There are 2 protein chains.
Amino acid sequence: MALRYQKGTALSTSTVVNLRSTKVPLRAVDISKVTFTDCPVRDLISQIGGKWSVLLLEALAQRSYRFGELRRMVPDISQRMLTQTLRELQRDGYIGREVFPTKPPSVEYRMTDLGYSLYEPLAQLLNWAEANHDAVRAARASFDQSPD
Amino acid sequence: MALRYQKGTALSTSTVVNLRSTKVPLRAVDISKVTFTDCPVRDLISQIGGKWSVLLLEALAQRSYRFGELRRMVPDISQRMLTQTLRELQRDGYIGREVFPTKPPSVEYRMTDLGYSLYEPLAQLLNWAEANHDAVRAARASFDQSPD
DNA sequence: CGGGATCCATTCCGATACTG
DNA sequence: CAGTATCGGAATGGATCCCG
């Protein structure tokens, strides 16, 4: 039983198990010719696992913002990464991009319905992070002093 | 107004806004001498944003597993990354590690209470990923054909 | 203003070999 | 069985310059 899909066809005789809840029986899936992005979880993690995606989703969940506004909200992001991350979020359908042909041009980014639906469970996770950050840092400090 | 904490003290006169829900008023936080890991969200993302963390949390949310079992469940993980990721998860207090001094030795990993509490909102997010993967891939295909 | 293009440092991660 | 150590390639991301 293999966990989550993997690249290539190296394990064509194996199966992949989609684990989710302990209350749900495990489902076996043929792994032959299954590619990386076929696994929803690996796909999502590889996307929003980036350094900036979640921060931008957080901002745009509030309201629409222009490129320069976002840049000022995340002061330590480079222009390159801001552009690139916004493109990826747009490509996945989480945010929309509208160009206003003013001089100089302005571009506004806004969350889509799909993006809002993603942000719901995501916000819960971020709330957890904030609520439990002290516990995590305590565990970390304890481990660093004497690895259990 | 800056979004989320950043490194160093370069923006000592700025403030950071913790954004979360549109229903919650924005809170301003002094950014002076605030380091990277002081932001719970950035900290969490940099941790579980890795390639393997979520998969291992998913597995261990089911039941305890031994090192070799986890390795077989995630066949495309290297021994190096399995060890490393498990250490990080243990360090943050999400999982525990117990050594049984048999010959040869066996080591069992199990989720902690903190890990289970993290897995609750995380599982919701993963459920979303599975439920909406088709929509994401459709948006991606559409974008690749003609960038909106 | 909102990018694109290029170069470079760092980090991540896989492969391999070795060990108690 | 469950690691550790080392190496090298791949991917990530920052800095800088240019452009309509």
Side-chain angles (χ1 to χ4, degrees), chain A residues 4 6-8 10-11 36-37 42-43 45-56 59-60 64-91 95-110 147-148, chain B residues 4 6-8 10-11 36-37 42-43 45-56 59-60 64-91 95-110 147-148:
Chain A
R4 293 293 169 200
Q6 52 221 319
K7 286 180 186 169
L11 298 168
F36 181 83
T37 55
R42 293 198 185 205
D43 200 9
I45 295 302
S46 76
Q47 170 58 25
I48 70 167
K51 192 172 176 180
W52 306 109
S53 300
V54 169
L55 295 183
L56 294 178
L60 292 170
S64 299
Y65 284 107
R66 290 180 47 191
F67 187 89
E69 292 179 306
L70 289 170
R71 189 168 191 192
R72 283 186 292 277
M73 293 179 74
V74 189
D76 54 342
I77 195 174
S78 65
Q79 197 173 38
R80 180 183 180 278
M81 289 312 296
L82 180 54
T83 301
Q84 180 178 309
T85 306
L86 287 171
R87 284 293 175 285
E88 289 169 0
L89 294 177
Q90 184 192 2
R91 187 172 107 100
I95 67 176
R97 175 178 186 269
E98 192 175 2
V99 181
F100 297 96
T102 56
K103 296 180 233 181
S106 81
V107 180
E108 194 170 282
Y109 295 90
R110 71 173 60 247
D148 310 316
Chain B
R4 293 294 170 197
Q6 53 222 321
K7 288 179 186 170
L11 298 169
F36 181 83
T37 54
R42 293 198 184 204
D43 199 9
I45 294 301
S46 77
Q47 171 58 24
I48 71 167
K51 191 172 177 180
W52 306 109
S53 299
V54 169
L55 295 183
L56 295 178
L60 292 170
S64 299
Y65 284 107
R66 292 178 45 188
F67 187 88
E69 291 180 306
L70 289 170
R71 191 170 189 191
R72 283 186 292 277
M73 293 178 75
V74 190
D76 54 342
I77 195 174
S78 65
Q79 197 173 38
R80 180 185 182 278
M81 288 312 295
L82 180 53
T83 300
Q84 181 178 309
T85 307
L86 287 171
R87 283 295 175 285
E88 289 168 1
L89 295 176
Q90 184 193 1
R91 187 172 106 99
I95 66 176
R97 175 177 184 271
E98 190 175 4
V99 181
F100 297 95
T102 55
K103 293 181 234 178
S106 83
V107 179
E108 195 169 281
Y109 293 91
R110 71 171 61 246
D148 309 316

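Source: prediction; values computed, not measured. Letters go in sequence order (proteins before strands), and every chain restarts at 1.
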Among [options], which nucleotide sits nearest the side chain of [X]?
X	options	value
A/Arg66	D/dG13, C/dC1, C/dG3	C/dC1
A/Arg80	D/dG3, D/dA2, D/dG14	D/dG14
A/Met81	C/dG4, D/dG14, C/dG14	D/dG14
B/Arg87	D/dA2, D/dT4, C/dG3	D/dT4
B/Pro105	D/dC1, C/dG3, D/dT4	D/dC1

Nearest-0.5 Å distance that lies between atom [atom1] in [X] and atom [atom2] in [Y]:
X	Y	atom1	atom2	result
A/Thr85	A/Trp52	OG1	CH2	8.5 Å
A/Arg110	A/Leu60	CZ	CG	10.0 Å
A/Tyr109	A/Glu69	OH	CD	12.0 Å
B/Asp148	A/Arg91	CG	CZ	12.5 Å
B/Leu70	B/Leu56	CG	CG	6.0 Å

In whole Å, what is the span from the [atom1] atom of [X] to the [atom2] atom of [N]?
X	N	atom1	atom2	value
A/Gln79	C/dC1	CD	C1'	9 Å
B/Phe67	C/dT19	CZ	C1'	14 Å
A/Ile77	C/dG2	CD1	C1'	14 Å
B/Arg72	D/dA2	CZ	P	8 Å
B/Glu98	D/dA2	CD	P	13 Å
A/Ile45	C/dC13	CD1	P	12 Å
A/Leu70	C/dC1	CG	P	14 Å
A/Arg71	D/dG14	CZ	P	11 Å

query: What are the two closest heavy atoms between A/Val54 and A/Ile48, and how far apart are they?
result: CG2-O, 3.6 Å

- prompt: Which comes earlier along DNA chain C counting from the 5' end, the contact point of A/Gln84 or that of A/Pro104, where each point is its nearest nucleotide?
  reply: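 Comparing both residues, the 5'-ward one is A/Pro104.
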
- request: Look at all strands and tell whether B/Phe100 reaches a base, only sugar-phosphate, or nothing, counting heavy atoms closer than 4.0 Å.
  value: nothing

task: Please round to 10 degrees the angle between the axis of the first five pairs and the axis of the last five pairs in the helix from C/dC1-D/dG20 to C/dG20-D/dC1.
output: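 For the helix from C/dC1-D/dG20 to C/dG20-D/dC1, the axes at opposite ends meet at about 40°.
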
message: Looking at B/Lys51, I'd like to know whether one of its side-chain N or O atoms comes within less than 4.0 Å of OP1 or OP2 on D/dA11.
response: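 For D/dA11, neither OP1 nor OP2 has a side-chain N or O of B/Lys51 closer than 4.0 Å.
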
task: Ignoring backbone atoms, establish whether A/Tyr65 has a side-chain N or O less than 4.0 Å from OP1 or OP2 of C/dC1.
output: no

task: For residues A/Gln84 and A/Met81, determine if any side-chain heavy atom of one lies less than 4.5 Å from a side-chain heavy atom of the other.
output: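 Yes, close enough: below the 4.5 Å cut-off.
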
